[in-house]
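This chain uses plain numbering: 1 for the first residue, then up along the sequence. Each ligand, and each atom within it, is numbered from 1 in the order the structure gives.
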Amino acid sequence: MPSTRPVVVTGVAGFIGSHLAEALLAQGCAVIGIDRRLPQADSNLADCLRHPNFTPVGADLAEVDLPPLFEGIHTVFHLAGIPGMRPSWGPDFAEYTRSNVLASQRVADACLECRVPRLVVASSSSVYGQREPGPYAESCLPAPASPYGVSKLAGEQVCLAYAAHPRSVTSVVALRYFTVYGPRQRDDMLIGRALRAALSGEPLRVYGEGSQRRDFTYISDVVAATLAAATAPAEAEVINVGGGRAVSIAEVLTTAERLTGRRVPRTHQPAYEGDVPETLADPAKAARLLGWQPEVGLADGMARQLAWLTRSAIPVEV
Ligand code: NAD
């Protein structure tokens, strides 16, 4: 989507945001990257920071004056947020409401003020919960099973509400990402933890029996869907980004063992509240509106993540 007008990526220092920014720069876009983890050097952004079309802005979205940053912007990709289910129970929920709900409202409000044509917002499969068995189409009634899921649902919905504002010229696409993995995956996520456990011999904590199933989605496929969302025909849409194939944690561990040639030592912990047995996308709407289907299978994606881990000599805590 090359354009003479710049685009904004929020959460740019994060796992998905940094990959998206790299892809946009490679397409010839000028990118303003906002994250509160800037301007500290962040290894995720090593390539972006060397690029002449990248402008880093260290700011907290819940506080910063956004309209001066959004003036003349073509598309805002709003990926900033506090991820993770387990810490969302208890007092930390205040931070989830601040960064996932309030920050999203402020981003949508600034898009309205600055007449930004398109807002793409990162939502999550966790909005579905487990009221009924999947696959989940976007028309399924959301029933989040964790405070995190509630905050993501509120964040996407507040952006969609802005699309319906009478003064709005901003169309909104909320992407419900299904468990994303690949190089630079967050340290708390399963696939990286499993690969690091195999490499280090440190036991992996497995929550529950390992029978939970996830619709794992490789990072380059997620970036492709997110780029397509910038130009998809839409006024206000929610779209799943998941391939429609769920894989069990046990199968992930077997694949990690095959790829590394080592055992994944493990300790079993009780399942945690809000951990649903399965996430599974119905990908039909993504195919229809984004022309998207995933290209990277689990074994191939895990092999690429392993190659990155080995190359970058990531510390081995699991
Ligand atoms: P991440 O933690 O790696 O990146 C999020 C970034 O947002 C961080 O760099 C953080 O500093 C920034 N941020 C958070 N609050 C902020 C604030 N108030 N102001 C400015 N910056 C702020 O997470 P990720 O895995 O890259 O996820 C990106 C988005 O995708 C999140 O919104 C997350 O909820 C969503 N998501 C991720 C997954 C996944 O599997 N990784 C799945 C579903 C949804």
### Query
Between Ser18 and Arg184, is any side-chain donor less than 3.5 angstrom from a side-chain acceptor?
yes

Output, or 'none' if empty, a list of ligand 1-protein atom pairs in which both atoms are N or O and the distance is under 3.5 Å, rounded to 0.1 Å.
from, atom 1, to, atom 2, distance (Å)
ligand 1, 3 (O), Phe15, N, 2.9
ligand 1, 7 (O), Gly81, N, 3.4
ligand 1, 9 (O), Gly14, N, 3.3
ligand 1, 9 (O), Asp35, OD1, 3.3
ligand 1, 9 (O), Asp35, OD2, 2.6
ligand 1, 9 (O), Arg37, NE, 3.1
ligand 1, 9 (O), Arg37, NH2, 3.0
ligand 1, 11 (O), Asp35, OD1, 2.7
ligand 1, 15 (N), Ser99, OG, 3.3
ligand 1, 18 (N), Asp60, OD1, 3.0
ligand 1, 18 (N), Ser99, OG, 2.9
ligand 1, 19 (N), Leu61, N, 2.9
ligand 1, 21 (N), Arg36, N, 3.2
ligand 1, 25 (O), Arg186, NH1, 2.8
ligand 1, 26 (O), Phe15, N, 3.3
ligand 1, 26 (O), Ile16, N, 2.9
ligand 1, 32 (O), Leu79, O, 3.1
ligand 1, 32 (O), Lys152, NZ, 2.8
ligand 1, 34 (O), Tyr148, OH, 2.8
ligand 1, 34 (O), Lys152, NZ, 3.0
ligand 1, 40 (O), Val180, N, 2.8
ligand 1, 41 (N), Arg186, NH1, 3.3

### Task
Would you tell me whether Tyr136 and Gln130 have side-chain atoms, one donor and one acceptor, within less than 3.5 Å of each other?
yes

### Task
Examine Phe216 together with Phe178 and report whether their ring centres are nearer than 6.0 Å.
no

### Query
What residues, two or more places apart in sequence or in another chain, satisfy ring-ring contact (aromatic ring centres under 6.0 Å, His included) together with Tyr148?
none

### Query
Any Lys/Arg nitrogen of Arg193 or Asp187 sitting under 4.0 Å from an Asp/Glu carboxylate oxygen of the other?
no

### Query
Is Glu22 salt-bridged to Arg50, going by a charged N under 4.0 Å from an acidic O?
no

